[in-house]
Amino acid sequence: FPSHDKNMSNNICTMSDSYKGTHWKQYPKNTTKVYSYLESRGGKFNNTLFYGLQFFLKKYLTGKVVTEQKIQSAKKLWDAHLGPGLFNESGWRHILETHNGHLPIKIKAVPEGLSIPTSNVLVTVENTDPEVPWLTNYIETLLLQVWYPITVGTLSREIKKVLVDSLKQTTDLDSEGLKNQVSFMLHDFGYRGVSSVESAGIGGSAHIVNFLGTDTIAAIETAQEYYNTDNILAFSIPASEHSTITSWGEANESKAFENMLDAYPTGLVACVSDSFDIIRACGMYWGGILRNKIMQRDGRLVVRPDSGDPVETLRQVFKILWNRFPGTTNNKGFKVLHPNIRVIQGDGVNYESIQDILNMIIEEGFSVENIAFGMVIVTGK
C-alpha cells in the first residue's frame with residue numbers, strides 16, 4: 001500500500017461543510033468579530049451531560065494546525081470541488097504568517113462532566129483576530145460533533161438514575177454500597193456497534209463518566225490520552241461468546257459451561273447461556289450438573305440470557321435460579337440470589353426495556369441488585 005500522511009488527514013483548511021468554505025465572502029464589510037454559541041435545544045431528557053469537547057480541541061484545533069503544505073493541498077481540493085477563486089487562501093495564509101499556524105479563536109465552555117439543563121449555553125466561540133471573523137463559524141462543523149459524546153453521556157446518566165431509584169426501592173445498601181453497586185450495572189458492549197475506532201473511543205469514554213464497566217478498550221485509551229490520566233477508568237471480566245460455547249456442540253454444552261468455571265476458578269466470570277436453550281441451561285446445567293461447583297467456587301458466575309423476549313425470558317430465569325440458588329430476603333422483603341450467582345441481560349437493552357425489566361423483577365419480588373445490563377450504549381439510542 002502507498003504511504004499515508006496522517007498529518008494531512010487532519011487538515012483544518014478542509015475540515016468543514018463545503019458551503020462554509022465560501023462564507024468568508026458573505027459577511028458585511030468591516031465585520032471584525034463573530035460570536036457564536038452552542039446549546040442543547042431539548043429532547044427526551046431535560047438535562048444534558050456535557051462531555052467530549054477536550055477531545056476535539058486537542059486532536060484538531062490546538063497547536064500549529066495550519067501549514068503551507070495544508071494550504072496548498074486545500075486549495076487544490078477546493079478549486080476542483082467548488083471552482084477556482086472560492087478558496088480562502090489569503091485568510092489561511094494570514095493565520096499561518098501572523099499566528100504561526102495557530103488558530104486565533106477563543107472557546108469557552110461549562111466544565112465537562114456536569115449535567116446542564118437544556119436550552120442553556122454549553123460552548124461559546126469567538127475569533128480573536130479582527131481579520132478572520134469567518135473562522136468562528138467555520139469550525140462549527142467540527143465542534144458540533146460534540147453532540148455524540150454528549151448524547152451518549154446523557155443517556156448513560158439517565159439510565160443510571162433509573163437504576164439508582166430501583167436500588168433504593170429494593171435493597172438495604174447504604175449510600176456507599178449503592179454507589180459501588182450501580183457503578184457496574186450498565187456495561188458498554190458497543191465497540192462493534194459504532195462506525196469507527198474513534199467513535200468507540202469518544203462515545204465509550206462518555207459512558208465511563210457514569211459507570212465503571214466497559215468492554216470498549218478504545219474508551220479507556222481515549223480518556224487516558226485526551227484527559228490527562230494514566231488510570232484505568234473502567235473494568236471488565238472474562239466472558240464467553242456464542243462461538244466459544246457452540247464450538248463444543250449441543251451435546252457438550254454442559255462441558256463448555258464447566259470449562260468456563262475451570263478456566264476461571266476465582267472471581268467474576270460471565271457465560272452466555274442461550275446458545276441452544278436458556279431454560280435447560282439454567283435448570284439442568286447451572287442449577288443441576290454444575291450447581292455444586294458454582295456453590296463451592298470462590299467467585300461469582302454471571303448468567304447471560306441473550307435471546308427471546310427480555311422480560312419474559314428473565315422472569316423464567318429468575319424463578320429457576322431462585323429455586324436452585326436460594327439466597328436471602330432483605331429487610332425490604334426482596335429476594336437476593338446466592339452471592340455466587342447473578343444475571344446480566346445483554347440483548348434488547350435500551351432505556352425503555354431496562355425499565356420494563358426492572359419493573360418485572362420488582363413485581364416478582366426480587367432485588368434489582370441481582371441483575372446487570374450490557375448495552376451498545378455508544379450508539380446513543
Side-chain angles (χ1 to χ4, degrees), residues 2-27 31-38 50-109 112 122-150 195-203 205 221-222 225-228:
S3 61
H4 176 66
D5 186 346
K6 292 183 179 180
N7 291 324
M8 291 304 294
S9 298
N10 295 341
N11 188 347
I12 191 64
C13 303
T14 60
M15 203 173 292
S16 192
D17 298 300
S18 298
Y19 78 128
K20 285 185 177 292
T22 69
H23 289 176
W24 62 285
K25 287 177 171 282
Q26 299 177 26
Y27 289 104
T31 298
T32 59
K33 173 84 74 174
V34 172
Y35 182 96
S36 298
Y37 71 92
L38 180 151
F50 183 69
Y51 173 80
L53 177 65
Q54 186 161 299
F55 170 87
F56 294 100
L57 297 184
K58 285 188 171 183
K59 186 173 179 66
Y60 297 109
L61 298 180
T62 58
K64 184 176 182 177
V65 297
V66 181
T67 66
E68 182 61 35
Q69 185 182 10
K70 289 184 177 181
I71 292 173
Q72 292 302 322
S73 176
K75 176 177 169 54
K76 181 179 179 180
L77 175 60
W78 284 112
D79 283 354
H81 179 52
L82 287 174
L86 295 177
F87 173 57
N88 189 6
E89 183 175 359
S90 62
W92 290 112
R93 183 155 286 107
H94 172 82
I95 292 173
L96 174 61
E97 295 174 353
T98 305
H99 302 282
N100 193 30
H102 293 66
L103 299 178
I105 206 85
K106 180 186 291 185
I107 298 173
K108 298 179 181 179
E112 294 198 35
L122 300 173
V123 181
T124 64
V125 185
E126 58 186 301
N127 60 295
T128 59
D129 181 337
E131 296 297 318
V132 293
W134 53 268
L135 183 60
T136 297
N137 276 10
Y138 179 87
I139 64 171
E140 176 193 20
T141 303
L142 178 64
L143 289 181
L144 280 183
Q145 291 182 7
V146 78
W147 74 265
Y148 172 56
I150 286 175
S195 59
S196 66
V197 174
E198 184 177 89
S199 296
I202 300 169
S205 61
E221 293 175 319
T222 296
E225 181 174 359
Y226 293 98
Y227 287 85
N228 308 320

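Every value quoted in this text rests on a predicted model; they were computed, and no experiment measured them.
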- What's the spacing between I95 CD1 and C13 SG if we round to 0.5 Å? 7.5 Å
- Task: List the atom of V34, the atom of N127, and the distance in Å for their closest heavy-atom pair.
- Result: N-OD1, 2.8 Å
- Query: Mind checking whether M15 and I139 have side chains closer than 4.5 Å, heavy atoms only?
  - Reply: no
- With a 4.5 Å heavy-atom cut-off, do W92 and V132 have their side chains touching? no
- Sorted by chain and residue number, the salt bridge (charged side-chain N to carboxylate O under 4.0 Å, His left out) partners of E140 (sequence neighbours excluded) come out as K20
- Task: For side-chain contact (heavy atoms from CB on, under 4.5 Å), just list the numbers for V146 and V123, CA-CA rounded to whole Å, side-chain angles, deciding distance to a tenth of an Å, and then say yes or no.
- Result: CA-CA 10 Å; V146 78; V123 181; 5.6 Å; no
- Message: Which residue is it: I105, I107, N10? I am looking for the one with a side chain to side chain contact (heavy atoms under 4.5 Å, CB included) to L61.
- Response: I107
- Message: I want to check something: taking the side chain as every heavy atom from C-beta on, are Y138 and W24 in contact at a cut-off of under 4.5 Å?
- Response: no
- Task: Scan Y148, Y227, W147 and name whichever one has a ring-ring contact (aromatic ring centres under 6.0 Å, His included) with Y51.
- Result: Y227
- Task: Check for a donor-acceptor pair, side chain of S205 on one end and backbone N or O of I202 on the other, with a separation under 3.5 Å.
- Result: yes
- Over 12 foreign heavy atoms within 6.0 Å of NZ, K33: yes
- Task: State the CG-CD1 distance between L96 and I71, to the nearest 0.5 angstrom.
- Result: 5.0 Å
- Task: Can you see which heavy atom on P104 is nearest to which on D129, and at what distance?
- Result: CB-CB, 3.7 Å
With a cut-off of 3.5 Å and sequence neighbours excluded, list every side-chain donor-acceptor pair involving residues 52-60.
unit_1 : atom_1 : unit_2 : atom_2 : d
Q54    : NE2    : Y226   : O      : 2.6
K58    : NZ     : Y226   : O      : 3.3
K58    : NZ     : N228   : OD1    : 2.8
Y60    : OH     : E198   : OE2    : 2.9

- Query: Checking ring pair (Phe, Tyr, Trp, His ring centres under 6.0 Å) for the pair H23/Y19: CA distance, chi angles, key distance, verdict?
  - Reply: CA-CA 7 Å; H23 289 176; Y19 78 128; 4.7 Å; yes
- Should we say atom OH of Y37 is surrounded by more than 12 heavy atoms from elsewhere, each under 6.0 Å from it? no
- Side chains of F87 and D79 in contact at under 4.5 Å (non-hydrogen atoms): yes
- Message: Applying the side chain to side chain donor-acceptor pair (under 3.5 Å) criterion to Q72, which one of K75, E68, K70, K76 satisfies it?
- Response: E68
- Would a 4.5 Å heavy-atom cut-off, applied to side chains only, mark W78 and T14 as touching? yes
- Message: Check whether T141 reaches the backbone of D17 with its side chain - one donor and one acceptor, N or O, closer than 3.5 Å.
- Response: yes
- Note on the structure: On a heavy-atom basis, the closest approach of T136 and S36 is CG2-OG, 3.7 Å
